[in-house]
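A short worksheet on the structure shown next.
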Amino acid sequence: MAAYDVVIRHGQVADGTGKKLFAADVALKGDRIAAVEAPGTLKGDNEIDATGKVVAPGFIDVHTHDDTALIDNPTMAMKASQGVTTVVCGNCGVSASPYLRSDIGHFLSLIVKKQANVSKNFAEFAGKVDAARPAINGAFLIGHGTLRMNAMGDDLGRTAAPAEIAVMRDLLDQSLGQGAIGMSSGLFYAVANAASTDEVAEVAKPLGTWGGVYTAHMRDEGDDILKSMDETFEIGRRAGASIIVSHHKCSGRSNFGRMKETLPKFSEAMKSQEIAFDVYPYVAGSTILRSDMLGRADKVLITWSDKVPGMSGRDLKEIAQEMGCSMREAADRLQPAGAIYFMMDEKDVQSAMSHPGAMIGSDGIPFDTHPHPRLWGTFPRVLGHYSRDLKLFPLEDAVRRMTSYSARRFSLTKRGEVKPGFYADICVFDPATVIDTATFDKPISPARGIDTVLCNGQIAWRDGKPGGGRAGRALRLHDMQAEAKA
Ligand code: ZN
Ligand code: CU
């Protein structure tokens, strides 16, 4: 019998495709899965006992803002602790490269804490990620908002002129050539809100040439959501790119129940276009503090405030009472700041998550003082709360929405399945106990039931702490395309 580097024994394999659990041993050699065979037939130098556990592909967090967290916090505990082995970064229109300016500015500060971690081109940025040797992999989108800040300076309250569009398009083209996997837009945000549909569609053109994906934090997720979906579909169509609608939600009490409109619209559009969306398993969202969002939310919690310390984690209503002013005024006094907004309907979240087009993405914001619990809880919460406890979908399907489906949509070659020849990205978890422990009160808390997590064959997480493995990589589009052809 050939000796492998690692054999994971006696587990039930959820191979990522949605296929029913089956008993098998999984052998790893180097950074690959070498064999999946009947229990007891494989021998390894190291053995991991998975009796009573599920052996799944490492989870792919398709919606993150972890661009520079991979460099600053290379153990990536908030993700590895959930079984995540790949994060897709650069969502919502903001990426850490290519960035040609010397100031970070308010928008980039969402994802960047150190100036040294931004880069003037993607190749340099990906090099910084590799040099940091993160415990898990990163794949990177280029933010349309970041491109705008390069091409237009601070004059962002208008649509771009043709020459500026050309600058953005060239920067995107160059970045895709250097390995970025697509472009994200965040037309909801001030830096990009004035952009016309034409602007984004023109800038996005290189996606069609390179085979990059288009992800969209849509212009509106409330009253005008259907119009925004049409706009997003049009941009993808004109660019010749497959589309991922980010963190799909119907926001604000007056829009509760409108998944009945959006989901059939997705299903219809999916017949003629490559379209999917991601969902996080919570009724609250989180982003920067914006007074125009206050009316939409039932409750607002502060995640950070640069101006007034000690506000993180507190209810804005209480803060306003203390200050003796309106919530709007209190929000103004805290700026710049971040917030959590309770603005979704539980039933809507569940129907979105179980739609055939849905995959799981956390949208966690890594540097918040008091982050949304999704940063530490998303994947175990889907497995434990939604799949096991509420039986929203079978465990195998939950795993599929976090692995093979996501890998296929983002063209992450040979990831997302437990299959010989695939990369040894693995999550061993206990299906009986897996659950998130991060809450809105205590958001920084590792999940329960995640046993051992390997990325490229090295242990990224074990026994409730980082496992010492630092084998993550910046996944580059051309490498993945070449491997898909080979
Ligand atoms: Zn977003
Ligand atoms: Cu986001």
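Quantities reported herein were computed from a predicted structural model and do not represent experimental measurements. Whatever order the structure lists them in is the order used to number ligands and atoms, beginning at 1. Residue numbers run from 1 in the order of the sequence given.
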Hey, would you say the His247 and Phe277 ring centroids sit under 6.0 Å apart? no

Distance under 6.0 Å and angle within 45° of ring axis: Arg401 vs Phe393: yes

Looking at CD1 of Ile181 and NE2 of His478, how far apart are the two atoms once the value is rounded to the nearest 0.5 Å? 12.5 Å

State which residues pass ring pair (Phe, Tyr, Trp, His ring centres under 6.0 Å) with Tyr341; sequence neighbours excluded, sorted by chain then number. none

Would you please indicate yes or no on a ring centroid separation below 6.0 angstrom for Phe440 and Phe342? yes

What's the separation between atom CG in Leu100 and atom CG in Leu171, rounded to the nearest 0.5 Å? 5.5 Å

Please enumerate all residues that pass ring pair (Phe, Tyr, Trp, His ring centres under 6.0 Å) together with Tyr189, with sequence neighbours excluded. Phe107, His217

Keeping to distances under 2.8 Å, can you name the protein N/O/S atoms close to the Zn ion (ligand 1)? Cys92 SG, His217 ND1, His247 NE2

Please determine whether a side-chain nitrogen of the Lys or Arg among Asp224 and Lys227 lies less than 4.0 Å from a carboxylate oxygen of the Asp or Glu. yes

Inside 2.8 Å of the Cu ion (ligand 2) but strictly below it, how many protein N/O/S atoms are present? 4

Anything under 30° is parallel, anything over 60° is perpendicular, the rest tilted; go ahead and classify His65 against His63. perpendicular

